[in-house]
There are 2 protein chains.
Amino acid sequence: MTAGKREVIVRAATELFLRQGYQATSTEQIAAAAAVSKQTVYSRFGDKESLFREIVLGVAATAEAFAADLTASLADVSEARDVAPVLRALARRYLAAVMDPQVLALRRLVIGEAARFPEVAAAYYERSPAMVLAALADGFARLAGLGLLTVDDPRRAADDFAFLVLGRSLDHGMFHLPATTPSDAQIGATADHAVDVFLGCAARM
Amino acid sequence: MTAGKREVIVRAATELFLRQGYQATSTEQIAAAAAVSKQTVYSRFGDKESLFREIVLGVAATAEAFAADLTASLADVSEARDVAPVLRALARRYLAAVMDPQVLALRRLVIGEAARFPEVAAAYYERSPAMVLAALADGFARLAGLGLLTVDDPRRAADDFAFLVLGRSLDHGMFHLPATTPSDAQIGATADHAVDVFLGCAARM
DNA sequence: GTCTATAGCAGGATAGAC
DNA sequence: GTCTATCCTGCTATAGAC
C-alpha cells in the first residue's frame with residue numbers, strides 16, 4: 001500500500017495548510033497527522049514547497065470542474081426560454097460554492113502566500129476564478145446569440161454578474177473565518193437580487 | 001530622540017510585513033531595518049504579535065479617513081444636480097484607492113493571517129471595507145431623500161455599487177502581485193461602466 | 001534606555017539501520 | 001521504502017553590561 005500513502009499525506013497536509021497556513025504548519029505535524037514519518041514525506045515530495053504547490057493546484061482542479069458545470073447549465077438553455085430562473089439557480093450554486101468554508105480557506109491560503117509563491121497564486125487565479133468568469137462570458141455570449149439576452153460585452157457582463165452575486169459575501173468571508181457560511185435563505189435573497197439588477201441592465205448596456 | 005524610535009520601528013516593520021508577511025519577517029530583520037537593536041523593539045512593543053496588531057490597526061485608520069472623504073463628497077451634492085458625474089468621480093477615486101499596491105498588500109497580509117489573528121481581521125474589516133460601504137449607504141440614502149436617486153435598500157445599493165466598481169479588479173489584484181495597478185484609462189473605463197450599470201438599475205430596484 | 005551576547009527551542013532536511 | 005535519531009540553522013525572547 002505504497003501508493004495510498006501519498007494520498008494520505010496529501011490529505012493530511014491539505015487540512016493542516018488550510019487551517020493553519022503554510023508557515024505555521026510544520027512537516028512534523030504533517031507526518032504525524034498522516035501517521036507516517038517525516039522521512040516518508042520528504043522521500044515522496046522532496047520538500048515542503050513542492051508539497052504545497054502540488055496541493056494547491058490539485059485542489060484548484062475542483063474549480064475547473066465547477067466551471068464546466070456552469071458552462072453546461074448555460075448551454076442547456078434553448079431558444080424561447082426565460083433565462084431569469086436559470087440565472088437565479090446558477091447564481092445560487094455559484095454563491096454557495098464560493099462561500100464553502102474550504103474554498104474560502106484555500107483562497108486565504110493562496111492570497112496570504114502570494115508573495116512567496118507568485119506562480120501558485122497566478123495559476124490558482126487562472127484555474128479557478130478566471131475560469132468561471134470565462135465560462136460565464138461564453139454562456140452569456142451564447143444567450144445573446146439566441147436573442148435571450150442583450151449583452152454588449154460578454155466579458156464585462158460576466159464580471160458584473162459575478163460580483164453582483166459574490167461581492168459582499170466573498171469580501172466579508174475573506175476576513176471572518178468563524179462560520180460566515182450564509183444560510184440558504186440568505187443565499188437565495190442575494191442571488192435573486194443580483195439577477196434582478198443584472199437583468200435590469202443587461203438589456204441596455 | 002526616544003519618541004522617534006517607535007516611529008522608525010513601526011515604519012520599518014510595516015514595510016517588511018507588507019512585503020514578506022508576518023511569519024517570514026523576523027524581529028531581527030525589523031531591528032536591522034530600523035537600525036536599532038532587537039532589545040529596543042521588544043522593550044517598546046512587548047512581542048512580535050503586539051507589534052503586528054498595532055501596525056495593522058494603525059494603517060487601517062487611513063481607510064477611515066477615506067470613508068469620511070467619500071461621505072463628504074456625497075454630502076456635497078445638492079438638490080437638482082445630476083448625480084452621474086459625481087458618482088463617476090467617486091468610483092474613480094474608490095477604485096484607485098483600493099488598487100493601491102500598499103492597500104492590496106495590507107489586505108493580503110490581513111487575510112493570510114486571519115486564522116492566527118481573527119480579531120485583527122475582524123477589526124480591519126470593520127474599519128476599512130465595512131466603513132466605506134456604510135458611508136456609501138448613508139450617502140445613497142441621502143440622495144434618495146433628495147429625490148436624486150431611487151433606492152429601495154441603501155445598503156444593498158452600496159454593495160452593488162462597490163462591487164460593480166471594484167469586483168474584478170480587486171479579485172485579480174489579490175492574486176497578482178507584480179504591478180497590477182490599473183492605468184488611469186482602465187480605472188476610468190471600469191468606473192464609468194459600473195456607474196452606468198448602477199444608475200440603469202438603481203431607478204428600478 | 002540601549003546595546004551585545006546568549007539562552008532555549010523548533011523547524012526543515014538528512015543519515016543510517018532495517 | 002520506511003522508520004528513528006540527529007544535524008544545523010534561525011527564530012523569539014531575555015540577561016546583563018554600560
Side-chain angles (χ1 to χ4, degrees), chain A residues 1-58 108-110 112-120, chain B residues 1-58 108-110 112-120:
Chain A
M1 184 88 33
T2 191
K5 284 206 178 169
R6 205 186 161 86
E7 183 67 15
V8 171
I9 294 169
V10 166
R11 222 186 295 274
T14 303
E15 207 235 309
L16 288 167
F17 281 147
L18 288 182
R19 217 176 52 215
Q20 308 179 334
Y22 174 75
Q23 304 239 37
T25 301
S26 68
T27 54
E28 209 153 342
Q29 279 181 304
I30 293 171
V36 298
S37 78
K38 265 199 288 185
Q39 187 57 251
T40 303
V41 175
Y42 277 95
S43 75
R44 301 291 168 126
F45 296 95
D47 60 9
K48 194 183 171 185
E49 297 198 0
S50 306
L51 176 55
F52 180 75
R53 278 180 240 272
E54 178 161 336
I55 282 179
V56 171
L57 299 183
R108 278 188 218 108
L109 179 64
V110 173
E113 295 302 327
R116 186 188 310 270
F117 299 99
E119 0 77 55
V120 172
Chain B
M1 184 93 29
T2 189
K5 282 204 178 169
R6 205 186 162 86
E7 183 66 16
V8 171
I9 294 169
V10 166
R11 222 186 294 274
T14 302
E15 208 237 309
L16 288 167
F17 281 147
L18 288 182
R19 214 175 55 215
Q20 307 179 334
Y22 175 74
Q23 305 239 37
T25 301
S26 69
T27 55
E28 208 154 340
Q29 280 181 305
I30 294 170
V36 299
S37 78
K38 266 197 288 185
Q39 186 57 253
T40 303
V41 175
Y42 278 95
S43 75
R44 302 290 167 126
F45 296 95
D47 60 9
K48 194 183 171 184
E49 296 197 1
S50 305
L51 176 56
F52 180 74
R53 278 180 239 273
E54 178 160 336
I55 282 178
V56 171
L57 299 184
R108 279 188 217 107
L109 179 64
V110 173
E113 295 301 327
R116 185 188 310 271
F117 299 99
E119 0 77 54
V120 172

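Every heavy atom of this structure was used, including side-chain atoms; hydrogens, water molecules and symmetry mates were not. A, B, ... follow the sequence lines: proteins, then strands. Residue 1 opens every chain.
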Under a 4.0 Å threshold between the charged nitrogen and the carboxylate oxygen, would B:Glu54 count as salt-bridged to B:Arg44?
no
Non-neighbouring partners of B:Phe52 that pass ring pair (Phe, Tyr, Trp, His ring centres under 6.0 Å), sequence neighbours left out:
B:Phe17, B:Tyr22, B:Phe117
Mind checking whether A:Leu51 and A:Thr27 have side chains closer than 4.5 Å, heavy atoms only?
no
When the distance from CD1 of B:Ile9 to C1' of C:dG1 is rounded to whole Å, what number comes out?
12 Å
Tabulate atom names and distances for all N/O pairs under 3.5 angstrom spanning the protein and nucleotides 16-18 of chain C.
none

One should read off an interatomic distance between A:Ser43 OG and A:Lys38 NZ, to the nearest 0.5 angstrom, of 13.5 Å
Taking atom P of C:dA10 as reference, at what distance in whole Å does atom CD of A:Gln20 sit?
15 Å
Would you indicate, yes or no, if D:dG1 has its OP1 or OP2 atom less than 4.0 angstrom from a side-chain nitrogen or oxygen of A:Arg44?
no
Looking at CG of B:Leu18 and OG1 of B:Thr25, how far apart are the two atoms once the value is rounded to the nearest 0.5 Å?
9.0 Å
A:Glu49 atom CD, neighbour heavy-atom count above 12 within 6.0 Å:
yes
Quick one: which protein N/O atoms are closer than 3.5 Å to N/O atoms of nucleotides 9-13 of chain D? Pair and distance per line, please.
unit_1, atom_1, unit_2, atom_2, d
D:dT12, OP1, B:Lys48, NZ, 2.7
D:dT12, OP2, B:Thr27, N, 2.8
D:dT12, OP2, B:Thr27, OG1, 3.0
D:dA13, OP2, B:Tyr42, OH, 3.2
D:dA13, OP2, B:Lys48, N, 3.3
D:dA13, N6, B:Lys38, NZ, 2.4

Is the shortest distance from a Lys or Arg side-chain nitrogen in A:Arg11 or A:Glu15 to a carboxylate oxygen in the other one below 4.0 Å?
no
Within this structure, what is the CZ-to-C1' distance between A:Phe45 and C:dG12, rounded to whole angstrom?
16 Å
State, with a plain yes or no, whether a side-chain heavy atom of B:Val36 is found less than 4.5 Å away from one of B:Lys5.
yes
Measure from CD1 on A:Ile30 to C1' on C:dA10 and round the result to the nearest Å.
15 Å
Assign A:Thr40 to base, sugar-phosphate, or nothing according to its heavy-atom contacts below 4.0 angstrom with the strands shown.
sugar-phosphate
